[in-house]
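Residue numbers begin at 1 in each chain, while the letters A, B, ... track the order of the sequences.
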2 protein chains.
Amino acid sequence: MNKKSELQVFREYLKKNRLRYTQEREKIIQEIFATHDHFDVDTLYLTMRRKGINISKASIYRLLPLLIDAGLIQDVFFEDGHMHYEHIYGHEHHCHIRCIECRKIEEFTDPRLNEIERDLAERFGFKILSHKLDVKGLCPECREKIRNMA
Amino acid sequence: MNKKSELQVFREYLKKNRLRYTQEREKIIQEIFATHDHFDVDTLYLTMRRKGINISKASIYRLLPLLIDAGLIQDVFFEDGHMHYEHIYGHEHHCHIRCIECRKIEEFTDPRLNEIERDLAERFGFKILSHKLDVKGLCPECREKIRNMA
DNA sequence: GTATCTGCAAACCCTTTGCAATAAG
DNA sequence: CTTATTGCAAAGGGTTTGCAGATAC
C-alpha cells in the first residue's frame with residue numbers, strides 16, 4: 001500500500017474545500033518537499049527565484065495556511081523576526097534540539113512525551129491536540145569552539 | 001536567608017554592565033512583577049498608562065533584552081503577531097498547556113522532562129541550556145461548549 | 001562633566017490585503 | 001462562464017533606531 005504523495009493529499013484537500021489546484025501552488029509544494037530541511041518564506045522565495053521559478057511572496061504567504069490546514073506542514077518556531085516551518089506529512093512527529101551558536105537543529109522523539117501528554121489530559125481535563133518540545137543549548141562543535149576561546 | 005528582590009537583582013546586573021538604574025526601568029519592572037500573569041508589550045504599556053505611568057514603548061522594548069539577560073524574564077511564545085513574556089525570577093521553571101479556544105494557560109512541571117534533557121545531552125553531546133514544552137489543546141469548558149454546538 | 005537613557009517619530013521588516021488581470025473547473 | 005488565484009504595490013502591525021534633550025552617577 002503506497003503512501004499518497006503530498007500533491008495528492010493537497011489536491012484532495014482543495015477539492016473538499018472547493019479551491020483550485022494551480023501551477024504556482026504545485027511548484028511551491030514541490031520546492032518545500034524537495035528537501036528535508038526546515039524553511040522560511042524568504043529563503044523559499046529566493047531559492048525558487050534562483051531556479052527561475054518566479055512566484056510572488058504573496059502567493060507563498062497565501063498558500064501556507066492551506067498547507068497547515070491540510071496537515072502537510074507546521075510552523076516550528078519564531079526566530080530572527082520571522083516564522084520557520086517544516087513539512088510534517090510523511091514524517092513521524094518529532095521535537096527539536098537547537099544550538100544557539102551555529103543554529104544547527106537535531107530532531108528527536110521520546111515516548112515519555114506521550115506519557116506526559118496523557119497525564120496532562122487527565123490532570124487538567126484538556127483534550128490535547130499537539131505538543132512541541134524545544135530544547136536549546138550548545139552543540140559539541142560550538143562547545144569546543146567556546147572552550148578554546150576562553 | 002531572604003531572597004533578593006527583582007530590583008536588587010536588576011541593580012546588580014546593571015552595575016556589572018555599567019548601565020543605569022532609572023525611574024522608568026524601576027516602574028516597568030515593578031509593573032511586570034506586580035502580577036503572576038504573562039504579559040506582552042502592548043498590554044503592559046496600556047496598563048501602566050491607565051495608572052498614569054507614561055513610559056514610552058521604546059523604553060519597554062529597550063528594557064526587555066536586559067531583563068532576559070539578567071534572568072528575570074523570558075519569552076514564552078509568539079502568538080497573535082507579537083511575543084509573550086513571563087517573569088521567571090523566583091518561579092520554579094515550568095511549561096505551559098494552552099487552550100486554543102479561550103487562550104487559557106495552565107502551568108505544569110514534570111520531572112520526566114529533566115530526564116529527557118539528560119538523555120539528550122548524552123545522546124547529542126549538547127550542553128543543554130533550556131527547554132520549553134508547549135502543549136496545546138481544548139480546556140474542559142471549551143470542550144463542553146463545542147460538544148453542545150455539534 | 002560624561003556617558004547612558006528617554007521620548008518621539010521615522011524607519012524597518014515580516015506579513016496581509018485591495019485590486020485588476022488571469023486562470024481553473 | 002463563474003469564482004478562485006495571481007502579482008503588484010500599498011497598508012498593517014510589532015519592533016527597532018536616530019536624534020536631541022534629560023538624567024544617572
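- With hydrophobic clusters built from ILVMFWY side chains whose heavy atoms lie under 4.5 angstrom apart, Phe77(B) does not share a cluster with Val76(A).
- For Glu86(A) and His96(A), the side-chain atoms include at least one donor-acceptor pair closer than 3.5 Å.
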Report task. Check step by step if salt bridge (Lys or Arg N to Asp or Glu O under 4.0 Å) holds for Glu12(B) and Lys15(B). Result -> CA-CA 5 Å; Glu12(B) 289 171 15; Lys15(B) 183 156 285 178; over 6 Å; no
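- Residues Lys27(A) and Met48(A) meet the side-chain proximity criterion, which asks for heavy atoms closer than 4.5 Å.
- Atom NE2 of residue His131(B) and atom CD1 of residue Ile116(B) lie 8.5 Å apart, to the nearest 0.5 angstrom.
- Separating the CD atom of Glu12(A) from the P atom of dG25(C) is a distance of 15 Å, rounded to the nearest angstrom.
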Please write out the pairs of protein N or O atoms and N or O atoms of nucleotides 20-24 of chain C separated by less than 3.5 Å, giving the distance to one decimal.
unit_1: dA24(C); atom_1: N3; unit_2: Arg20(A); atom_2: NH1; d: 2.9

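- Atom-to-atom, CG of Asp80(A) to P of dT15(C) comes out at 11 Å; the value is rounded to the nearest Å.
- Residue whose closest nucleotide on DNA chain C sits further toward the 5' end, between Leu19(B) and Tyr45(B): Leu19(B).
- Salt bridge annotation for Arg112(B)-Glu115(A): present, with a cationic side-chain nitrogen under 4.0 angstrom from a carboxylate oxygen.
- Of the residues in residues 57-68 of chain B, Ala58(B), Ser59(B), Arg62(B) come within less than 4.0 Å of DNA chain C through at least one heavy atom, sorted by number.
- Within 4.0 Å (heavy atoms only), Asn54(A) reaches sugar-phosphate atoms of the nucleic acid but no base atom.
- Proximity of Leu64(B) to Asp75(B): side-chain heavy atoms (C-beta onward) are nowhere separated by under 4.5 Å.
- Between Glu106(B) and Arg123(A), none of the side-chain N atoms (NZ, or NE/NH1/NH2) sits under 4.0 Å from a carboxylate O, so this pair counts as no salt bridge.
- Note: NZ (Lys15(B)) to P (dC5(C)) measures 14 Å, nearest angstrom.
- Considering only heavy atoms from C-beta on, Leu44(B) comes within 4.5 Å of Glu31(B) through its side chain.
- Rounded to whole angstrom, the span from the CD atom of Glu79(A) across to the P atom of dC13(C) amounts to 18 Å.
- Rounding to whole angstrom units, CG of residue Asp75(A) and C1' of dC14(C) are separated by 15 Å.
- Residues Tyr13(A) and Leu72(A) have side chains not in contact (no heavy-atom distance under 4.5 Å, counting atoms from C-beta outward).
- Taking 4.0 Å as the cutoff to heavy atoms of chain B, we find the contact window on DNA chain D bounded by dG14(D) to dC25(D).
- For the pair Asn17(B) CG and dA3(C) P, the interatomic distance rounds to 18 Å; values are reported in whole Å.
- Rounded to an integer number of Å, the gap from Tyr85(A) OH to dC14(C) P is 12 Å.
- Rounded to whole Å, the distance from CG on Leu14(B) to P on dC5(C) is 8 Å.
- Taking CG from Leu67(A) and CD1 from Ile28(A), the interatomic distance works out to 8.0 Å, rounded to the nearest 0.5 Å.
- Judged by closest nucleotide on DNA chain D, Ile28(A) is the one of Ile28(A) and Arg11(B) placed further toward the 5' end.
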